[in-house]
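Chain A is the first sequence line, chain B the second, and so forth, proteins listed ahead of strands; every chain is numbered from 1.
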2 protein chains.
Amino acid sequence: MAVTIADIAKEAGVSISTVSRVINNTKPVSPELKERVYRIIEKNHFTPNALAQGLITKKTNIVGVIVPDISNAVFGALTKGINSVCSSKGYTIMVCESGGELEREMNLLNILEDRQIDGVLFAGVDVNQELVNAMQKKDYPVVLVTQECSVKENIIDTVTHDNVQALYDVVMFLHENGHERIAYLGGPEYDFSSGQKRLKGYKKALSELKISVPYSYIEQVQFSFQGGYEGMKRIYEENSILPTAVVTGSDLIAIGAVQFLNGQGIGVPEEISVIGFDDLDFATYFRPELSTVRIPYFEEGEIAAKELLKYMTGSKTKAATHYVPHKIIRRGTVKVLK
Amino acid sequence: MAVTIADIAKEAGVSISTVSRVINNTKPVSPELKERVYRIIEKNHFTPNALAQGLITKKTNIVGVIVPDISNAVFGALTKGINSVCSSKGYTIMVCESGGELEREMNLLNILEDRQIDGVLFAGVDVNQELVNAMQKKDYPVVLVTQECSVKENIIDTVTHDNVQALYDVVMFLHENGHERIAYLGGPEYDFSSGQKRLKGYKKALSELKISVPYSYIEQVQFSFQGGYEGMKRIYEENSILPTAVVTGSDLIAIGAVQFLNGQGIGVPEEISVIGFDDLDFATYFRPELSTVRIPYFEEGEIAAKELLKYMTGSKTKAATHYVPHKIIRRGTVKVLK
DNA sequence: TTGTATGCGTTATCAG
DNA sequence: CTGATAACGCATACAA
């Protein structure tokens with residue numbers, strides 16, 4: 001029963017085209033008519049039906065956002081950044097949760113297509129060939145956030161952080177602080193960017209430093225407190241010579257590890273140093289405060305959204321990978337050795 | 001250039017009405033035709049344009065979600081719960097961030113109306129008369145989550161937790177544990193449910209217990225670590241006789257308070273007990289583990305979404321306020337006195 | 001500068 | 001059971 005453009009036209013005694021023109025001021029309309037139409041519009045609180053507009057303009061001003069977990073702090077910050085730029089440009093976001101499952105990701109890609117959204121920001125876990133194929137078939141642009149494509153570079157535009165370099169830097173940082181026996185407690189193997197790539201950075205650094213560690217110094221667990229706790233437990237139980245430092249794949253993993261160590265009466269950082277990843281808020285609430293590498297997720301979301309907008313407006317066409325800078329934050333859980 | 005229902009009809013040699021019928025199986029279609037149409041649909045990967053469908057059916061299968069802060073853990077859990085039931089029922093959520101500002105809330109309500117969404121879940125800060133009026137004018141149903149209407153009860157359907165009772169219970173809990181000098185360090189006055197109501201519960205309990213406290217035992221701050229830290233500082237500085245326990249408006253406030261106290265060399269819970277609110281994940285990561293009152297936000301979101309769906313399907317019409325149960329969780333920051 | 005007519009992709013009404 | 005055809009609410013090419 002909402003008022004339509006036709007109602008306005010009739011009441012103002014003009015044609016619907018004229019009303020349409022004053023709404024979008026797409027073509028010149030005489031001041032008097034414009035004035036009259038505006039008044040009627042105000043009076044009736046008329047606003048155009050976005051569905052009808054979208055049907056004809058092929059533009060909905062909606063961008064889809066696909067994340068593995070809505071309630072995860074990392075994706076919360078990311079989504080906030082995305083929404084920040086989207087809403088300021090007149091776009092509304094449609095947030096979807098994939099659980100990190102390929103099937104649901106594919107399904108969401110289709111649902112968003114049916115809804116005629118203008119573009120999607122995709123935070124996946126492993127952007128494989130199947131996903132890439134699907135994305136390329138869609139008639140909306142997609143930019144990957146947080147996660148790179150695992151099959152080929154620069155096929156799909158990407159905004160993320162350099163996971164390899166970040167872990168490389170962390171290991172170097174620890175080494176500069178006198179650590180030699182450095183263990184790795186990171187995310188799962190199936191997670192391409194946050195699992196595999198970080199591990200790669202760790203290995204790369206050790207190799208350059210000509211440090212070799214036993215297999216039992218490397219644990220790949222879930223990105224959770226529990227994962228960190230249990231992974232640290234395994235490292236503890238399987239090594240007679242413990243590491244002096246542990247690099248982790250997330251702050252959650254890190255505090256899980258610290259908690260396990262403390263439970264064994266092992267002091268952090270007195271006996272073992274631990275360093276996180278992400279720099280979530282609670283990293284500073286924790287005691288001792290967690291040393292970590294900060295990833296600016298909010299900014300990453302902003303940049304990715306801006307990038308997507310460029311594609312949507314057609315001002316950009318060729319894909320590239322954009323890295324936002326990370327930064328090592330020294331706080332209380334890393335000790336200077338020697 | 002997407003394939004339309006007309007393309008399918010032509011290729012299958014039937015009318016578009018028939019195609020529409022097999023898609024929605026709204027009317028009987030002969031098995032052979034149905035089969036033929038299905039094949040063509042599969043072959044062309046046809047899926048109906050949701051915009052066109054919505055334009056005529058007046059149903060978009062989209063529900064709007066308005067929250068003050070997307071990256072806040074409380075709203076993260078809430079949104080996850082909402083999405084959980086929405087997505088399982090074929091709805092997609094459109095998440096909007098209001099910053100808790102009235103003007104943006106009003107604006108979002110309008111934007112969502114233009115988009116013809118089917119209903120909205122609203123998490124506000126103060127649902128006042130202006131907001132209520134606006135909501136009632138909309139042609140979609142809205143249910144309040146997390147926050148009650150501040151002007152009149154049962155005007156708008158609400159799913160929340162009993163903030164008055166929760167704080168009442170917390171004070172009683174502390175009293176049963178021997179505490180008499182109980183301070184309040186809660187959220188801001190302008191926040192109706194989480195600020196005012198919680199304070200009300202605190203006062204109600206003290207009054208029943210016939211305990212009177214100085215004004216300086218009551219601090220209303222932002223729902224943040226910083227707010228808690230500074231509020232605790234004021235309580236500390238303005239009282240020569242310190243409280244033995246502090247009830248707070250959120251876990252974040254609570255740990256901010258603990259952090260301040262620790263900085264002053266005051267042990268928690270040895271000298272002062274502190275109890276949080278919400279029960280976020282990090283409450284158990286913190287040391288000592290934070291005692292708190294658990295609010296099941298995820299479930300709250302689920303229930304609110306289900307409630308909204310009832311309205312959308314017309315199976316419910318009259319508003320009510322639904323409370324999800326809270327629960328006091330004893331952990332490390334509350335000491336048994338006497 | 002203004003109005004008319006057509007179409008966007010579906011569903012729904014009404015005949016057959 | 002099937003098929004024209006009229007909406008849905010708006011934008012736009014084409015006329016005037």
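- One can place CZ of R115(A) at 18 Å from P of dG9(C), the figure rounded to the nearest angstrom.
- Using modelled atom types, one finds a donor on one side chain and an acceptor on the other under 3.5 Å when comparing D157(B) with Y311(B).
- Taking side-chain N and O atoms only, Q53(B) has a distance below 4.0 Å to OP1 or OP2 of dT11(C).
- Ranking dG9(D), dT4(C), dT1(C) by closeness to the S17(A) side chain, first place goes to dT4(C).
- Between I56(B) and K34(B), it is K34(B) whose nearest contact on DNA chain D lies nearer the 5' terminus.
- One can place CG of N61(B) at 12 Å from P of dT11(C), the figure rounded to the nearest angstrom.
- Residue N49(B) has no polar side-chain atom (N or O) positioned under 4.0 Å from OP1 or OP2 of dC8(C).
- The side chain of K58(A) places an N or O atom within less than 4.0 Å of a non-bridging phosphate oxygen (OP1 or OP2) of dG9(C).
- Atoms CD (Q116(A)) and P (dC8(C)) sit 14 Å apart, rounded to a whole Å.
- Nucleotide dA6(D) holds its P atom 17 Å from the CG atom of L55(B), rounded to whole Å.
- OP1 or OP2 of dG3(D) lies within a sub-4.0 Å distance of a side-chain N or O belonging to T18(B).
- Atom CG in N25(B) sits about 14 Å away from atom C1' in dT11(C), given to the nearest Å.
- Using modelled atom types and a 3.5 Å distance limit, the side chains of S20(B) and S17(B) yield no donor-acceptor pair.
- The distance from atom NZ of K59(A) to atom C1' of dC8(C) is 17 Å, rounded to the nearest whole Å.
- Looking only at atom types and distance, the side chain of N107(B) has no donor-acceptor partner in the side chain of E103(B) under 3.5 Å away.
- The side chain of S20(A) places an N or O atom within less than 4.0 Å of a non-bridging phosphate oxygen (OP1 or OP2) of dA11(D).
- Counting only distance, with no hydrogens or angles, the side chain of R36(B) and the backbone of A12(B) share a donor-acceptor pair below 3.5 Å.
- Within 3.5 Å, no donor on the side chain of T26(A) pairs with an acceptor on the base of dT12(D), nor the reverse.
- Picking from dC8(C), dA5(C), dA7(D) the nucleotide with the shortest atom distance to the side chain of I16(A) gives dA5(C).
- Counting all heavy atoms, side chain and backbone alike, R115(A) lies closest to T60(A) at O-CG2, 4.0 Å.
- Here the nucleotide nearest the side chain of V14(B), chosen from dG3(D), dT10(C), dC14(C), is dG3(D).
- Contact annotation: S15(B) reaches the phosphate of dG3(D) (side-chain N/O to OP1 or OP2, under 4.0 Å).
- A close approach under 4.0 Å does occur between a side-chain nitrogen or oxygen of S30(A) and OP1 or OP2 of dT2(C).
- Rounded to an integer number of Å, the gap from CD1 of I5(A) to C1' of dG7(C) is 15 Å.
- Toward the 5′ end of DNA chain C lies the nearest nucleotide of T47(B), the other residue of the pair R21(B) and T47(B) mapping further downstream.
- Between the side chain of R104(B) and the backbone N or O of E97(B), at least one donor-acceptor pair lies under 3.5 Å.
- Taking only side-chain atoms of V29(B), from C-beta outward, the nucleotide of dG9(C), dT2(D), dA13(D) with the closest atom is dT2(D).
- In this structure, CG of L33(A) is placed 4 Å from P of dT2(C), rounded to the nearest angstrom.
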